[in-house]
Amino acid sequence: VLIAAAQLAEDRREDPSAAMDMYQQVLAIQPDHPLALEALRRLALQTQRWSVYVEVLTRSAECAESPEEAAQYLLAAARVQTKRLEVVDQALYTLLKALEYAPEDLVILRQIEILYEQNQRFDEVVKVLRREAEVTDDPRERVPNLFKLGNILESELGQAEEADTV
């Protein structure tokens, strides 16, 4: 009944706020209701309610059918946290959680690298660059990665000897 009422509010009344409230009531009863999750993601994005969007993406990750799908929801949540909400620490936490689902996902690893670098956490950047090098088979991607790793070791962390071994 709530789903039908929410769809009616969304479609005929053009009242996204009321529809969102009803979909959230559905999720209070059944936290993994796929239609309610999908509708809330769509409506939160449409209405630019970024905190709600992140919350629904995170919940969607918890209910995802595969680890890869969960990782993609969390990656999307982290991007919103970074670009729209400007909560970099929370975005980093979300990305690290996404990495648990997809430990070899280079897109996630690179996003983590960027955030660590922006915050000048170079010891963490080094760890992520090493992980990227482990999961990258393509020399065209690996060589610049190792060059950057060596450069950070030498110029940011003062570890010239270790940089020479990269």
Side-chain angles (χ1 to χ4, degrees), residues 20 23-24 27-28 31-34 36-166:
M20 289 176 72
Y23 285 125
Q24 287 177 329
L27 291 177
D32 63 344
H33 194 285
L37 286 169
E38 189 278 324
L40 270 173
R41 285 192 307 270
R42 182 183 66 252
L43 289 168
L45 182 62
Q46 174 187 325
T47 59
Q48 299 183 355
R49 293 186 185 171
W50 303 121
S51 295
V52 173
Y53 189 52
V54 167
E55 180 183 317
V56 175
L57 287 169
T58 303
R59 185 179 278 191
S60 296
E62 294 167 2
C63 303
E65 294 183 14
S66 71
E68 294 79 16
E69 183 182 16
Q72 291 308 305
Y73 283 130
L74 291 172
L75 176 60
R79 286 179 170 157
V80 172
Q81 288 171 319
T82 302
K83 294 178 182 169
R84 300 292 183 169
L85 298 174
E86 298 178 1
V87 287
V88 175
D89 287 342
Q90 289 177 4
L92 193 51
Y93 174 79
T94 302
L95 287 167
L96 292 170
K97 197 170 168 184
L99 198 59
E100 292 175 14
Y101 289 104
E104 296 186 0
D105 188 309
L106 283 171
V107 174
I108 295 170
L109 284 166
R110 288 192 177 123
Q111 289 296 312
I112 293 169
E113 172 196 336
I114 289 167
L115 293 182
Y116 277 145
E117 193 167 6
Q118 286 174 351
N119 288 297
Q120 299 183 349
R121 294 174 61 184
F122 296 109
D123 54 331
E124 297 298 331
V125 174
V126 166
K127 291 176 189 174
V128 175
L129 286 169
R130 285 189 170 136
R131 180 70 182 135
E132 287 177 26
E134 288 174 11
V135 301
T136 304
D137 293 329
D138 185 352
R140 291 173 294 179
E141 291 183 25
R142 192 171 182 172
V143 169
N145 177 285
L146 292 173
F147 181 79
K148 183 175 183 177
L149 174 60
N151 188 38
I152 288 175
L153 282 167
E154 184 174 353
S155 64
E156 300 297 340
L157 298 176
Q159 299 174 4
E161 288 180 23
E162 190 174 348
D164 289 342
T165 64
V166 176

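We're numbering straight along the sequence, starting at 1.
- With hydrogens and angles ignored, the 3.5 Å screen pairs a side-chain donor or acceptor of Asp138 with a backbone N or O of Arg140.
- Here the closest non-hydrogen pair linking Cys63 and Asp32 is SG-CB, 3.4 Å.
- Judged as a salt bridge (Lys or Arg N to Asp or Glu O under 4.0 Å), and not counting sequence neighbours, the contacts of Glu141 are Arg110.
- Atom CG of Leu99 sits about 9.5 Å away from atom CD of Glu104, to the nearest 0.5 Å.
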Step by step, would you call Val125 with Arg121 a side chain to side chain contact (heavy atoms under 4.5 Å, CB included)?
CA-CA 6 Å; Val125 174; Arg121 294 174 61 184; 5.5 Å; no
Does the pair Lys127 and Glu113 meet the rule for a salt bridge (charged side-chain N to carboxylate O under 4.0 Å, His left out), with working shown?
CA-CA 9 Å; Lys127 291 176 189 174; Glu113 172 196 336; over 6 Å; no
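- The residues Glu38 and Arg42 are annotated as salt-bridged, a charged nitrogen and a carboxylate oxygen being separated by less than 4.0 angstrom.
- Looking at Arg142 and Glu132, no side-chain N of the basic residue comes within less than 4.0 Å of a carboxylate O on the acidic one, giving no salt bridge.
- The CG atom of Leu109 sits 9.5 Å away from the CD atom of Glu134 when rounded to the nearest 0.5 Å.
- Salt bridge status for Glu55 with Arg49: absent, with no side-chain N to carboxylate O gap under 4.0 Å.
- Listed here is the closest heavy atom pair of Leu27 and Ala36: CD2-CB, 3.8 Å.
- Between the CD atom of Glu156 and the CD atom of Gln120 there is a distance of 7.0 Å, given to the nearest 0.5 Å.
- Here the OG1 atom belonging to Thr136 is positioned 9.5 Å from the CZ atom belonging to Arg131, to the nearest 0.5 angstrom.
- Nearest heavy atoms, Ala91 versus Leu115: CB-CD1, 4.1 Å.
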Apply side chain to side chain contact (heavy atoms under 4.5 Å, CB included) to the pair Glu117 and Ile114, showing each step before the final yes or no.
CA-CA 5 Å; Glu117 193 167 6; Ile114 289 167; 5.7 Å; no
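- Contact record, Leu149 with Val126: CD1-CG1, 3.6 Å, taken as the closest heavy-atom pair.
- For the residue pair Tyr73 and Leu57, the shortest heavy atom distance occurs at CB-O, 3.5 Å.
- Closest approach of Pro31 and Arg59 over heavy atoms only: O-CD, 3.5 Å.
- Here OH of Tyr53 is found 9.0 Å from OG of Ser60. Values are rounded to the nearest 0.5 Å.
- Distance check: Arg84 CZ to Ser51 OG gives 12.5 Å after rounding to the nearest 0.5 Å.
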